[in-house]
Each structure stands twice: as C-alpha cells, then as structure tokens.
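Counting begins at 1 with the first residue of the sequence. Note: hydrogens, waters and symmetry copies are ignored here, and every other heavy atom, side chains too, is used.
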Amino acid sequence: MTAHTAVPVRERSTWTPKLIPALAVCLAAPALFVVQIVWLGWILLALAVASAVLVDRLGGVALARGEEPSIARDVSLIAIGQFIVSLIPLHAELDNAAFVRFTLALGGAVVVPYVISRFVYRDYAIRFPWRGGGRWTWWQWAWLGGVIVLGYLILPFYFITSGVYRNWPEVVTGDLIARLFVGVGAVGIWDELFFICTVFVLLRRHFPDLTANLLQAVVFVSFLWELGYQAWGPLLTIPFAIVQGFLFLKTRSLWYVVTVHLLFDAVVFGVLVHAHNPDSASIFLI
C-alpha cells in the first residue's frame, strides 16, 4: 500500500462513523477563519479528536501503528495544524513582524504534523512528492497556460469590482512590492503543503477521493477567506481548491500543483499592484 491509500479504494466509504470526526475537524476551519469565533473552532477540533478516538475504539482500530489507518491519528494531525494556524491573525501584512508570525505559524502547521506522523506515529502518511508523477503530459502544459488566461480574465474583475484588493496593504514602493511578491508566493506554496499534502492525503486514507477533496476544500477556502479572498471570492476559491486536489491525484506531483498555484498567484500579485496603483501602466483590461 502507498502512503496515500492505506485502505484499498473499494473499502473506502463516505457514510461511515469516521465522517463525524472528519466533518468536525473540517468545519472547525469556517469557525476559526471565516466567522473567526476561535473558541468555537477549538471546541470543534477537540470534539473531532475525541470522536475519532471513540470511532477507533468502537471499530477495534489500534491508536498505535497498525495495518488499518487510525482516524484518530489522522484527524489529530489536521487538528494540530489548524490549531497552530489559528494562533495568529491571517490578515495580509507586510512588515517584518508579520513575516515572522506567518513563517512560524504556517511553517509549524506543516512541520509539526509531519514530525508527529513520522517520528511519533511512525508512519509515512504525510509526504511531499516534489518529483512524483514523471514527465508532464501535453494536457498538464496546456493547463498551465489555461491558468494564466483564466486568471488574467477573471482576477482583475474580481479584485477591483468587489474591492477586496483593499484587504491587502497598499503597495506603492519597490520594497513593499517585493515583500508582496515574496509573501503571495510563499503562502501559495504553503497552501499546497498543508491543504493538499497534509489535509487531503490524510483524509484520503479513510474516504473516497471526491469526499476527501470536498472536505479539504472546506479548510482551504476558509483559510483563504480570512487571508482576504472575501465577497464572492469563494466562487473562485472553491473550484480552485477542488481542482488542485484533482490535479494532485492525477499527477502525483507536488511540483506541478505548486507550479499551477504560483502561476495563479503571479496574476494575483500583478492585479494587487495594479489595483493599488491605478494610474500606472497596466496589462490588465480593467
């Protein structure tokens, strides 16, 4: 069995008791990052872990390493990651203190679950297959171009007409523009490390691919909401999160989904700079 599919596909079902802790841990994300009731989110995380332990015990699944994956172990890793992220505000800021906060919190949300999975639970549930999947096919290259075209046509209209570009600091100097470029790209890479290579792959050990993908999208989109993708942003971020999960399944390449994300974020960066400097020359249509 691979690190990503500990339970054979034919044996994974959506409608099992495991769905209760999985829903709880994923619904904690809207509580933490959308409505931002932190205590409610923490309660949901605790309930997710507690209910997962109960499900394992009723199902005779050992919390220690065994042949069958433990929903308690996997849900606990997702809960730990979300808890760490919830310790800081996610509003986009570009000062040195904000860079340190984001580095420690977002980095910790990826590193801590990985370390616990690898050295405490002693499994390989979380991996980062940068070079997986082999050579890129023609459709993968075509999709990279499609991402740029779609971003160019949709993102300027979204950011400017909705006014959500104001959720990011004004970037009117070279230093701020450079900081924005680094910040947008770094968060984009982190998105794939946590939402896809951690949340998604852990949930796939227990549920069908579609179910796991929809669940990870709840967490993915909730985080992006607090980060600034508000108003009608979920109409864009929900499909994006689901497509990223699908692409990871098809390509088995973290490098590919990161490339897609960074191309999308490159357009986001350009739109934000343009929106805050409307009198400057622009390649955008609005």
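For Y114 and F128, the distance between ring centers is under 6.0 angstrom.
With T173 contributing its side chain and L176 its backbone, the two residues share a donor-acceptor pair below 3.5 Å. Remark: side-chain polar atoms of D95 are paired, donor with acceptor, to backbone N or O of A98 under 3.5 angstrom. In this structure, S51 contributes its side chain and A48 its backbone to a donor-acceptor pair below 3.5 Å. Proximity of a side-chain donor or acceptor of Q244 to a complementary backbone N or O of V257 within less than 3.5 Å is detected. The closest donor-acceptor contact from the side chain of D56 to the backbone of V61 lies at 3.5 Å or more, if one exists at all. In this structure a side-chain-to-backbone donor-acceptor pair under 3.5 Å is present from N213 to I242. Put simply, the side chain of T14 never gets that close to the backbone of F207: no donor and acceptor are under 3.5 Å apart. Within the 3.5 Å criterion, the main-chain N or O of Q140 finds a donor-acceptor partner in the side chain of Y256.
Taking CG of L263 as the start and CG of L144 as the end, the distance is 5.5 Å to the nearest 0.5 Å.
Residues H206 and D74 form a side-chain contact, since some pair of their non-hydrogen atoms from C-beta on lies under 4.5 Å apart.
Evaluated for a ring pair (Phe, Tyr, Trp, His ring centres under 6.0 Å) with F264, the options F240, F269, Y229 yield exactly one hit, F240.
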Side-chain donor-acceptor pairs of residues 146-155 under 3.5 Å, sequence neighbours excluded:
{"residue": "Y152", "atom": "OH", "partner": "I283", "partner atom": "O", "Å": "2.6"}

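Using a cutoff of 4.0 Å between basic side-chain nitrogens and carboxylate oxygens, R12 and D209 are scored as salt-bridged.
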